Structure formats: structure tokens, C-alpha cells
Amino acid sequence: MDTGLLVLRWVAGLLIAGHGVQKVSFRLGGNGLAGGTEEFRRDGFRGGRLTALVAGGSQLGAGLFLAAGLLTPLAAMAAMGVMTVAGTVKRHNGLWVQNDGYEYPLVLVGTAAVLVLTGPGRWSADHAMGLTPWPSWVQAAALVAGPASGLLTRAVLHRPYAAGRSDHARAAG
């Protein structure tokens, strides 16, 4: 079981971290911070550059912490939050990823939830520091706060375009 959890943490954590790197740099096929900023603007989010930095930094940090099995409930909570936001952006495309749907974010939210419930395993920083098992109230809080923070972020930062706004006004907005 510990080997399986290690592989799960590495795969999911490094993919989430890589997603964050893409948001803020040209590495791993990213479009730099300007590209990440434009992506959020196209998706209707306020905050531009700051939103891209926070999202990219959250994905990078959450992913690396998950991969290491370090503060796993907190890392999983952050991963669930940013991937919930991604899922809401893709929701209108349906489930399947071949239609740019929310399948991939949902898999990562589910994976993070599994790691909260199972713990990171014996080969983790949490285990090495004597932090496991995490109390059930910490697990419950992470499972609720992760997706809830993503939905709250979406509600606060998303701005639906007003009817009649020109493309130029939307791009500037």
C-alpha cells in the first residue's frame, strides 16, 4: 500500500506542480506569466497577473507538498481548491477531456481527497516527522474546505461579461 501511495503522490503531485509552472513561466510548455494572466482574463476572472501568480503558486506548492507527502491534508486542500476552480471553468464543456471538459480536474480533486482519507503512506515527510495519522477532524476540514475554497474563489473573482460590452472593453476589463 505504501508503494502505491508513493506513486499516486508523485504522479498527481508533480502533474499539479507542473500545471502551476505553466501558469507563470515558459517552462513545460507554458506561455509565461503574461499567458497565464491572459488565460484567466479569457476565462472571466478578475485580478489578472495577481490571480495567475496566486493560482500558479498554489498549484506549484500544493503539488510539491503532495509529492513529498508533506502536510498532506493542507496540500490536498489547496490542490482541491485550485482544481475545483479549473473544473468550474471547464464545466460548460461537459465531462470528457477530449471536449475540454472537467474530467482531468475532477480526477485530481478525487486523487487529493483519497490522499486526505488514506494519508500519504509510510514513505512520506509526514510519516518521517511523526505527523500521521492525521486526526479525522483535520481530514474532514480539508475535504470540505478544499472544494469550498475553489467555489468561493470562483464566486468572488469571476466576472460574467455584461451584455453589449465590446470585445475591446472585455479585453481591457
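Sequence positions, counted from 1, serve as the residue numbers for this chain. For the numbers below, each heavy atom of this structure counts, side chains included, while hydrogens, waters and symmetry mates do not. Since this is a predicted model, take the numbers as computed values, not measurements.
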To the nearest 0.5 angstrom, please state how far the [atom1] atom of [X] sits from the [atom2] atom of [Y].
X    : Y    : atom1 : atom2 : result
M80  : L115 : CE    : CG    : 9.5 Å
L60  : L53  : CG    : CG    : 11.5 Å
T111 : M83  : OG1   : CE    : 10.0 Å
D2   : H127 : CG    : NE2   : 7.5 Å
Q59  : L15  : CD    : CG    : 11.5 Å
L28  : H19  : CG    : NE2   : 11.5 Å

[X] to [Y] - nearest heavy-atom pair and separation:
X    : Y   : value
P105 : G87 : CB-N, 3.7 Å
A67  : R9  : O-NH2, 3.3 Å
G36  : A52 : C-CB, 3.8 Å
G150 : V85 : O-CG2, 3.3 Å
S149 : G81 : OG-CA, 3.7 Å
V82  : A55 : CG1-O, 4.4 Å

Could you tell me if the side chain of [Y] sits less than 4.5 Å from the side chain of [X], heavy atoms only?
X    : Y    : value
L152 : V156 : yes
T132 : P120 : yes
L33  : R49  : yes
F45  : T37  : no
L64  : L14  : yes
L95  : Y102 : yes
V89  : R154 : yes
F40  : L157 : no

Same cluster for [X] and [Y] if Ile/Leu/Val/Met/Phe/Trp/Tyr side chains link at under 4.5 Å?
X    : Y    : value
V21  : F26  : no
L143 : V138 : no
L8   : L6   : no
W10  : L5   : no
L66  : M1   : yes

Q | Residues K23 and E39 bridged, charged N to O under 4.0 Å | A |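 Answer for the salt bridge query: yes.
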**Q.** Option from V116, L117, L71 for which side chain to side chain contact (heavy atoms under 4.5 Å, CB included) with W134 holds
**A.** L71
Between [X] (side chain only) and [Y] (backbone N and O only), is there a donor and an acceptor less than 3.5 Å apart?
X    : Y    : value
E103 : V97  : yes
N99  : N93  : no
H158 : T153 : no

Q) Under 6.0 Å from the CZ atom of R46, do we count more than 12 heavy atoms belonging to anything else shown? A) yes
Q: Can you establish whether the number of heavy atoms outside F65 located under 6.0 Å from its atom CZ is more than 12?
A: no
Q: Begin from the C-alpha positions of M129 and L70 and carry the test side chain to side chain contact (heavy atoms under 4.5 Å, CB included) through to its verdict.
A: CA-CA 9 Å; M129 295 186 307; L70 177 61; 3.3 Å; yes
Q: Check whether the side chains of T72 and D126 place a donor and an acceptor atom closer than 3.5 Å, and report yes or no.
A: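 Side-chain D/A pair, T72 to D126: present.
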